[in-house]
There are 2 protein chains.
Amino acid sequence: MTSSLKPTLLLDEQLCFALYAASRRMTATYRPLLDALGLTYPQYLVMLVLWERDGLTVRELGERLQLDSGTLTPLLKRLEQADLVGRRRRKSDEREVEITLTQAGRNLHERALDVPRCLANRLCMSADEFMRLRDELKSLAAQLAAPTDERD
Amino acid sequence: MTSSLKPTLLLDEQLCFALYAASRRMTATYRPLLDALGLTYPQYLVMLVLWERDGLTVRELGERLQLDSGTLTPLLKRLEQADLVGRRRRKSDEREVEITLTQAGRNLHERALDVPRCLANRLCMSADEFMRLRDELKSLAAQLAAPTDERD
DNA sequence: TCAAATTTAATTGTGCACAATATAATTTTC
DNA sequence: GAAAATTATATTGTGCACAATTAAATTTGA
């Protein structure tokens, strides 16, 4: 049989704290690697998206990363200051701001290839464990994102 | 055989992004529940620790939550403003600031018992799955926290 | 066609995170 | 027991997150 979940307020028993602590620890592990590239962790995520597909709008970046314009607008301005991206209103629809990589932004891609390799070394995890944990987190996020049509 | 991990820069393949996104989504799921208690998510974590053991110092809270004084000092001042905790220097060592629950802080404990129950309903996870994922995240965080005596 | 509704970014304000530094109290060492 | 080192908290500054509001462009619909 599967034991039923007994909710408590003990910190060490909380999934939410394990998630929160692991996420901050992961970001801290990336920090020295990303410092070398002149990027913060959220800036790195934006660059990942743009390296996959350049020329997205702020809205499209936000959908991909689940971040709103209040976060992205200043972040993108800092990337623009660093000469990694350009920002310009689209001719076809002036409400949209298109973000494009500069040459320096494109050049950074190659140096960034080291980052996941370094992390993989730190993880001491098999590819299978890695993918299973990743997919469990994705499905957890999807479940929490789903509209709450549950009775309480 | 176990396939070897091939590091890429594709967002959807990154464990780190799955972790980051799941953590933010979890916090967002807590938000409406904690709003009802007048707490933010990090404030709730501090209260969890104090409900388990009252009268800790800022340093001890920081060790438990892996947060430094730059985060905790203003957060604790807001909890003090909300009359949930008191702060006072210890007589035995005036460098230390002891945090104690007020009566209102203790009273909040009972109302908070609903929070993990509501979350458990949202998760649609067996207790076994819950505990396994939680423990995997704990061991991931521990691994990343360990000193990097790896060769690259 | 033109007013209303919608969409998209930007702005504002609050609250973390965290690095770096400052300050004050305590402990250690000589 | 006084100088030096250590410890604990607070402060400052930067950069997210995210809610709420604003502003501008576009679309919709009578």
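Order of the sequence lines sets the chain letters (A, B, ...), proteins ahead of strands, with each chain counted from 1.
Between A:Arg59 and A:Glu63 there is a salt bridge, since a side-chain N of the basic residue sits under 4.0 Å from a carboxylate O of the acidic one.
Legend: residues meeting salt bridge (Lys or Arg N to Asp or Glu O under 4.0 Å) with B:Arg132, ordered by chain and number and at least two apart, are A:Glu136, B:Glu136. Residues passing the salt bridge (Lys or Arg N to Asp or Glu O under 4.0 Å) test with A:Asp135: none are found, sequence neighbours excluded. Legend: residues meeting salt bridge (Lys or Arg N to Asp or Glu O under 4.0 Å) with B:Asp83, ordered by chain and number and at least two apart, are absent. Every residue two or more places apart in sequence or in another chain that forms a salt bridge (Lys or Arg N to Asp or Glu O under 4.0 Å) with A:Arg64 is listed here: A:Glu52, B:Asp12.
Spacing between atom CD of A:Glu98 and atom P of C:dA10 amounts to 13 Å, rounded to whole angstrom units. Taking atom CD1 of residue B:Ile99 and atom C1' of nucleotide D:dA10, one finds them 12 Å apart after rounding to whole Å. In this entry the distance linking CZ of B:Arg87 with P of D:dT9 reads 10 Å, nearest Å. Summarising the geometry, the separation between CG on A:Leu76 and P on C:dA9 is reported as 10 Å, rounded to the nearest angstrom. Atom pair A:Lys77:NZ and C:dA9:P shows a separation of 13 Å (rounding to whole Å applied).
Figure legend: A:Arg24 and A:Tyr20 shown as a cation-pi pair, the cationic atom lying under 6.0 angstrom from the six-membered ring centre and within 45 degrees of its axis.
The closest side-chain donor-acceptor pair between B:Arg25 and A:Gln66 falls under 3.5 angstrom. Judged purely by distance below 3.5 Å, without hydrogens or angles, the side chains of A:Gln81 and A:Arg78 never pair a donor atom with an acceptor atom.
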Would you mind building the protein contact string for nucleotides 13-26 of chain D? One character per nucleotide, 5' to 3', B for base within reach (heavy atoms under 4.0 Å), S for sugar-phosphate only, - for untouched. --SSBBB-----BS
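Heavy-atom distances under 4.0 Å link DNA chain C to A:Thr57, A:Val58, A:Arg59 of residues 49-63 of chain A, given in residue order.
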